[in-house]
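Please read these numbers as outputs of a predicted model, since none were measured by experiment.
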Amino acid sequence: MSSEFDLCLVLNARMASRAVTRLADRRLRQHGITAAQFSILTSLWDHPGRSVTQMASAIAMDRSTLSRNLALLERNGLVTTSAAERGNGRVSALSETGRQVIGDAIPAWREQQSQLRAALDDPEFSTVIAALRQLARL
């Protein structure tokens with residue numbers, strides 16, 4: 001018999017998150033990036049010109065974690081950073097190398113997405129995504 005704690009949403013969400021991240025990390029390792037870095041790079045791809053604060057909010061990442069990752073990505077030549085048009089903030093952008101890495105990594109990401117979708121028989125994938133997005137707004 002299972003305990004009520006086996007149905008804990010926090011525990012199960014964290015376990016699922018770790019498993020999904022491990023799978024993504026394995027797929028992206030050959031491109032020299034992690035799942036977290038892929039999320040940052042694709043955010044820059046889709047939404048250039050965001051401040052660190054805006055990007056951190058959009059991808060639900062702590063600002064200091066994002067800043068550390070951006071600095072690493074810049075050292076690796078995948079990102080460039082410049083002063084914001086206003087204030088004392090910084091704005092990051094994909095470098096040409098960063099665009100190439102993302103372009104090369106997208107097929108591996110798509111394979112990983114297909115594998116995850118196939119693992120979710122019931123409920124449907126769109127239901128799972130909707131539920132996760134609802135929880136992310138808490």
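Sorted by first and then second residue, the salt bridge (Lys or Arg N to Asp or Glu O under 4.0 Å) pairs with a member in residues 19-39 read R27-E111; sequence neighbours excluded. Residue pairs satisfying the salt bridge (Lys or Arg N to Asp or Glu O under 4.0 Å) criterion with at least one member in residues 56-75, sequence neighbours excluded, are absent. Counting only residues at least two apart or in different chains, ring pair (Phe, Tyr, Trp, His ring centres under 6.0 Å) contacts with residues 58-85 are absent.
In this structure, W109 is not a member of the same hydrophobic cluster as V20, with clusters built from ILVMFWY side-chain heavy atoms closer than 4.5 Å. Residues M55 and L72 do not share a hydrophobic cluster, clusters being chains of Ile/Leu/Val/Met/Phe/Trp/Tyr side chains in contact below 4.5 Å.
Taking each heavy atom of A105 and F38 in turn, the nearest pair found is CB-CE1, 4.2 Å. The heavy-atom pair separating G77 from T97 by the smallest distance is O-CB, 3.5 Å.
No side-chain heavy atom of L78 sits under 4.5 Å from any side-chain heavy atom of Q100. Side-chain atoms of V79 and T81, non-hydrogen and from C-beta on, do get closer than 4.5 Å to each other. Contact check for T80 versus S92: no side-chain heavy atoms found under the 4.5 Å cut-off.
Between the CG atom of L70 and the CD atom of Q37 there is a distance of 10.0 Å, given to the nearest 0.5 Å. Note that CG of N12 is 12.0 Å distant from OG of S17, once rounded to the nearest 0.5 Å. Taking CG of L66 as the start and CG of L73 as the end, the distance is 9.0 Å to the nearest 0.5 Å. Expressed to the nearest 0.5 Å, how far CZ of R117 lies from OG of S114 amounts to 7.0 Å. Note that CD1 of I59 and OG1 of T65 are 10.0 Å apart. Values are rounded to the nearest 0.5 Å. Expressed to the nearest 0.5 Å, how far SG of C8 lies from CE of M15 amounts to 10.0 Å.
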Worked check of side-chain contact (heavy atoms from CB on, under 4.5 Å) between I102 and H31:
CA-CA 8 Å; I102 288 299; H31 302 284; over 6 Å; no
Verdict with supporting geometry, I33 and V101, side-chain contact (heavy atoms from CB on, under 4.5 Å)
CA-CA 9 Å; I33 57 174; V101 167; 4.1 Å; yes
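In summary, of the residues considered (I40, T42, L41), a side chain to side chain contact (heavy atoms under 4.5 Å, CB included) with L94 occurs for L41 alone.
In this structure, R90 places its CZ atom where more than 12 heavy-atom neighbours from other residues, nucleotides or ligands lie under 6.0 Å away.
No donor-acceptor distance shorter than 3.5 angstrom exists from the side chain of S57 to the backbone of Q54, with no hydrogens or angles considered.
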